[in-house]
K.L.:
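Sharing a structure here in structure tokens format.
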Amino acid sequence: MSRIAYVNGRYLPLAAAQIRVEDRGFLFGDGIYEVVYVNRGRFVDAEKHLARLERSLREVRIAMPVGRPALEGILREIVERNRIRDSGLIYIQITRGAARREHVFPQAGTRPTLVVTARALASFPKDVDTWATGIVTGPDQRWARCDIKTVNLLPNVLAKQAAKEAGAFEMALVDEAGMVTECASSNIWIVDAAGRLRTRPLGHDILPGCTRAALAELLGGERLTLEERAFSLDDLRAAREVFITSATSFVRPITRIDGATVGEGEVGPVTRQLFAAFSRHVQGGLPNAA
Ligand code: PLP
């Protein structure tokens, strides 16, 4: 079955779907996006993702092309049309539209471009030990507003490719002060050498991850506390446990950094507990309305 894409009001086979050559997303990276994980018809953390999408649009001054209820309808439809029953992701991209190439905003009334696609994923990981992976570290070469989920992902692309070529899944990005910001496409957490669960506080230098926020909300029920305090590359290397979070990594244990093992090289107890808690968060609940 061919995949189906939504583009500006029409559902089309992916291979036939088109945007214009002068689309500003293509020319300038002038657009924003979201990725939502869908599990058995349920959109995980949908409210958080849609709120962040609206915030990203406000920050870059692009108008929402359709209202929230219409967008939610498109998301439901795209999942249905792509026959995603078990596990999948929905990709939403909104750009400032197509217009003659000039850096300044196009004239009022230019319609933003809305593209929505979806694809099936492997089922939610059942086993936390086999879900564990490795990362490398490298410089954070991104811009000064990483809190906005824009499609300008060139530094992230290069970081992720460097990780892949080094046999790792992700790159932890390190700022000029030697502090870890986040990874190329995920947030990063540690249980530090003193046993404290830490992740970097929100600010302009990291994306406010929806998984990060959802997991933070689960901590009380797990009798764990979080210190939102930046940690250095040295802290990362000395950590007892390390894990990353994102809509499609969920809670993913990191057991190797730059080829060296984290602790004993096994998934630690806090990561194990949080993977289980997040797994319940994803799998639990009824199919939701969004
Ligand atoms: N940080 C970056 C740079 C990302 O690209 C992502 C997700 O793609 C995240 C963090 C995690 O965000 P979320 O949990 O909302 O997927």
K.L.:
Phe243 vs Trp189 aromatic rings, parallel, tilted or perpendicular, using cut-offs 30° and 60°?
P.N.:
parallel

K.L.:
What I'd like to find out is whether the side chain of Pro269 reaches to under 4.5 Å of the side chain of Glu241, using heavy atoms alone.
P.N.:
yes

K.L.:
Atom CG in Leu226, atom CZ in Arg212: separation rounded to 0.5 Å?
P.N.:
7.0 Å

K.L.:
Got a sec: does the CZ of Arg68 have more than 12 other heavy atoms crowding it under 6.0 Å?
P.N.:
yes

K.L.:
Could you check whether Thr137 and Asp258, counting side-chain N and O atoms only, form a donor-acceptor pair closer than 3.5 Å?
P.N.:
yes

K.L.:
Aromatic rings Phe250 and Tyr37: how do their planes relate, parallel, tilted or perpendicular, breaks at 30° and 60°?
P.N.:
perpendicular

K.L.:
Closest approach of Ala184 and Ala159, non-hydrogen atoms and distance?
P.N.:
CB-CB, 4.0 Å

K.L.:
Less than 4.5 Å apart, side chain to side chain, heavy atoms only: is that true for Leu202 and Asp147?
P.N.:
no

K.L.:
Less than 6.0 angstrom separating the ring centers of Tyr33 and Tyr91, yes or no?
P.N.:
yes

K.L.:
Report, as yes or no, whether the 6.0 Å neighbourhood of atom CZ on Arg83 holds more than 12 heavy atoms from other residues, nucleotides or ligands.
P.N.:
no

K.L.:
Kindly indicate, with the supporting measurements, whether the criterion salt bridge (charged side-chain N to carboxylate O under 4.0 Å, His left out) is fulfilled by Arg58 and Glu54.
P.N.:
CA-CA 6 Å; Arg58 277 197 305 277; Glu54 289 163 357; 5.2 Å; no

K.L.:
Can you tell me how far CZ of Arg24 sits from CD of Glu102, rounded to the nearest 0.5 angstrom?
P.N.:
8.5 Å

K.L.:
Looking at Glu77, I want to see if its CD is surrounded by more than 12 non-hydrogen atoms of other residues, nucleotides or ligands under 6.0 Å.
P.N.:
yes

K.L.:
I'd like to know whether Val262 forms a side chain to side chain contact (heavy atoms under 4.5 Å, CB included) with Ile190, so could you lay out the CA-CA distance, the side-chain angles of the two residues, the decisive distance to 0.1 Å, and finally the verdict.
P.N.:
CA-CA 10 Å; Val262 175; Ile190 61 171; over 6 Å; no

K.L.:
With a 6.0 Å cut-off (strictly less than), is the heavy-atom count around CZ of Phe26, excluding the residue itself, greater than 12?
P.N.:
no

K.L.:
Rounded to the nearest 0.5 Å, how far apart are CD1 of Ile148 and CD of Glu59?
P.N.:
5.0 Å

K.L.:
Examine distances only and state if a side-chain atom of Ser232 and a backbone atom of Asp235 form a donor-acceptor pair shorter than 3.5 Å.
P.N.:
yes

K.L.:
Evaluate whether atom CZ of Arg20 has more than 12 neighbouring non-hydrogen atoms of other residues, nucleotides or ligands under 6.0 angstrom away.
P.N.:
no

K.L.:
Is a donor on one side and an acceptor on the other found under 3.5 Å between the side chain of Arg252 and the backbone of Trp131?
P.N.:
yes

K.L.:
Please check: side-chain N/O of Asn82 versus main-chain N/O of Ile84, any donor-acceptor pairing under 3.5 Å?
P.N.:
no

K.L.:
Could you tell me whether the side chain of Arg52 and the main chain of Pro208 form a donor-acceptor pair under 3.5 Å?
P.N.:
yes

K.L.:
Using 0.5 Å steps for rounding, measure from the CG atom of Leu50 to the CG atom of Asp45.
P.N.:
11.0 Å

K.L.:
Quick one: pull up CZ in Arg200 and CD in Glu182 and give me the separation to the nearest 0.5 Å.
P.N.:
9.0 Å

K.L.:
Kindly give the heavy-atom pair with the smallest separation between Cys183 and Ala172, and that separation in Å.
P.N.:
SG-CA, 3.7 Å

K.L.:
Given the ring of Tyr11, does Arg81 sit roughly above its face, with NZ or CZ under 6.0 Å from the centre of the six-membered ring and within 45° of the axis?
P.N.:
yes

K.L.:
Roughly how far, to the nearest 0.5 Å, is the CZ atom of Arg198 from the CD1 atom of Ile188?
P.N.:
12.0 Å

K.L.:
Under a plain distance cut-off of 3.5 Å, with no hydrogens placed, do Thr181 and Asp205 share a side-chain donor-acceptor pair?
P.N.:
no

K.L.:
Would you say His49's side chain and Val35's backbone share a donor-acceptor pair under 3.5 angstrom?
P.N.:
yes

